[in-house]
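Here is the structure we will look at, set down as structure tokens.
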Amino acid sequence: MGNNLASKIYTLINKRAERDYWDFKQEWHKDNERLLHDILCFANTVHDRDSYLIIGVSDDGEIIGLNEKNRIKQVTILDLLSNVVFAGDNTPEIKVETIRIDGKEIDILTVFNSYNVPFYLKKKSKRYHNIKEEYICI
């Protein structure tokens with residue numbers, strides 16, 4: 001467990017529960033709107049730390065792992081965020097990394113802590129119908 005992120009994520013997984021700044025997903029969302037909603041919720045959570053969407057782990061903390069099927073790359077999420085009109089032109093900052101734990105690959109979507117909160121849509125998106133404009137997701 002050499003790198004700092006892997007060590008931190010390993011510790012969170014071993015808590016076997018989700019909290020306000022990390023969430024487990026067995027796989028990536030098939031629906032970009034749900035992914036955007038999760039990013040907005042993490043970006044607007046009140047705390048002074050980064051948040052993590054840990055993909056490849058069940059809700060009870062079992063490491064399932066991922067393969068290349070249905071994986072989402074950072075560029076895809078950046079594209080998703082750039083096609084949404086955020087109030088104040090403030091866009092949540094994210095990063096996607098793959099780490100290996102117990103011989104299995106899992107993806108980590110980090111939503112970086114920001115003081116430019118709240119993040120919300122300035123204008124209704126034509127692609128996404130459930131996230132309302134000027135509505136703050138938490």
Side-chain angles (χ1 to χ4, degrees):
M1 201 72 38
N3 92 32
N4 189 29
L5 178 65
S7 178
K8 184 182 295 187
I9 297 303
Y10 185 77
T11 300
L12 297 179
I13 291 171
N14 279 332
K15 292 183 184 292
R16 303 272 185 218
E18 301 168 325
R19 297 286 195 288
D20 64 337
Y21 72 96
W22 78 88
D23 195 12
F24 302 138
K25 299 289 180 200
Q26 288 189 23
E27 59 187 24
W28 281 96
H29 292 299
K30 291 175 177 62
D31 177 355
N32 280 344
E33 187 169 18
R34 289 188 45 110
L35 180 58
L36 177 60
H37 181 264
D38 280 354
I39 291 170
L40 287 170
C41 288
F42 274 146
N44 289 324
T45 300
V46 179
H47 50 63
D48 193 18
R49 59 179 68 157
D50 299 334
S51 297
Y52 306 99
L53 194 57
I54 305 168
I55 300 114
V57 176
S58 69
D59 287 342
D60 64 359
E62 179 189 350
I63 299 170
I64 295 167
L66 296 170
N67 55 35
E68 290 306 311
K69 184 181 176 191
N70 296 329
R71 268 193 147 144
I72 297 179
K73 304 229 181 277
Q74 179 170 313
V75 69
T76 303
I77 300 171
L78 292 173
D79 185 53
L80 164 73
L81 294 174
S82 71
N83 287 305
V84 175
V85 180
F86 287 97
D89 294 326
N90 292 324
T91 304
E93 289 186 45
I94 62 98
K95 183 175 186 176
V96 176
E97 297 175 82
T98 299
I99 62 173
R100 199 171 198 62
I101 295 179
D102 295 342
K104 298 178 183 175
E105 286 189 350
I106 60 174
D107 288 344
I108 310 304
L109 169 63
T110 303
V111 180
F112 292 103
N113 185 53
S114 174
Y115 297 105
N116 294 325
V117 290
F119 292 97
Y120 58 94
L121 304 186
K122 179 179 178 180
K123 199 164 98 173
K124 182 80 171 163
S125 173
K126 292 177 184 171
R127 292 183 190 174
Y128 311 118
H129 305 289
N130 295 321
I131 301 175
K132 299 177 176 118
E133 71 274 9
E134 299 184 14
Y135 183 81
I136 300 169
C137 301
I138 57 170

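Only this structure's heavy atoms are used, side chains among them; waters, hydrogens and symmetry mates stay out.
For Q74 (side chain) and V96 (main-chain N/O), a donor-acceptor pair under 3.5 Å exists by modelled atom type. For the pair S7 (side chain) and N4 (backbone), a donor-acceptor distance under 3.5 Å is absent.
Considering only residues two or more places apart in sequence or on other chains, K30 meets the side-chain hydrogen bond (donor to acceptor under 3.5 Å, both in side chains) condition with E27. Under the rule for a side-chain contact (heavy atoms from CB on, under 4.5 Å), the partners of A17 that lie at least two apart in sequence or sit in another chain are R19. Among residues two or more places apart in sequence or in another chain, the side-chain contact (heavy atoms from CB on, under 4.5 Å) test is passed with L5 by N3, I9, Y52, E97, I99, I108. With sequence neighbours excluded, the residues satisfying side-chain contact (heavy atoms from CB on, under 4.5 Å) with D38 are K25, H29, L53. When the side-chain contact (heavy atoms from CB on, under 4.5 Å) test is applied to D48, the partners found at least two apart in sequence or on another chain are N113, Y115.
The closest side-chain heavy-atom distance from V117 to I136 is not below 4.5 Å. At least one side-chain heavy atom of E18 sits under 4.5 Å from a side-chain heavy atom of D59. D23 places a side-chain heavy atom less than 4.5 Å from the side chain of F42. Side-chain contact between N90 and F119 is present, with heavy atoms from C-beta onward closer than 4.5 Å. Proximity of V57 to I101: side-chain heavy atoms (C-beta onward) are nowhere separated by under 4.5 Å. No side-chain heavy atom of F24 sits under 4.5 Å from any side-chain heavy atom of D60. Between T45 and Y21, the closest side-chain pair of non-hydrogen atoms is not below 4.5 Å. Residues I72 and I55 fail the side-chain proximity criterion, which asks for heavy atoms closer than 4.5 Å.
Summarising the local packing, CD of E93 is surrounded by 12 or fewer heavy atoms from other residues, nucleotides or ligands at distances under 6.0 Å.
Linking ILVMFWY residues whenever their side-chain heavy atoms come closer than 4.5 Å, directly or via other members, places I106 and Y10 in the same cluster.
A distance of 12.0 Å separates CG in D50 from CD1 in I94, rounded to the nearest 0.5 Å. For the atom pair CD1 of I39 and OG1 of T110, the computed distance is 11.0 Å after rounding to the nearest 0.5 Å. To the nearest 0.5 Å, atom CG of residue N44 and atom OG of residue S114 are 9.5 Å apart. To the nearest 0.5 Å, the span separating OG1 on T76 from CH2 on W28 amounts to 9.0 Å. The CG atom of D89 sits 7.0 Å away from the OG1 atom of T91 when rounded to the nearest 0.5 Å.
Heavy atoms only, all atoms of each residue included: H37 and C137 are closest at CD2-SG, 3.7 Å.
Among the candidates N83, V84, I77, the single residue satisfying the side-chain contact (heavy atoms from CB on, under 4.5 Å) test with L81 is I77.
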Identify all side-chain donor-acceptor contacts of residues 61-69 below 3.5 Å with residues at least two apart in sequence or on another chain.
residue : atom : partner : partner atom : Å
N67     : OD1  : K69     : N            : 3.0
E68     : OE2  : R71     : NH1          : 2.9

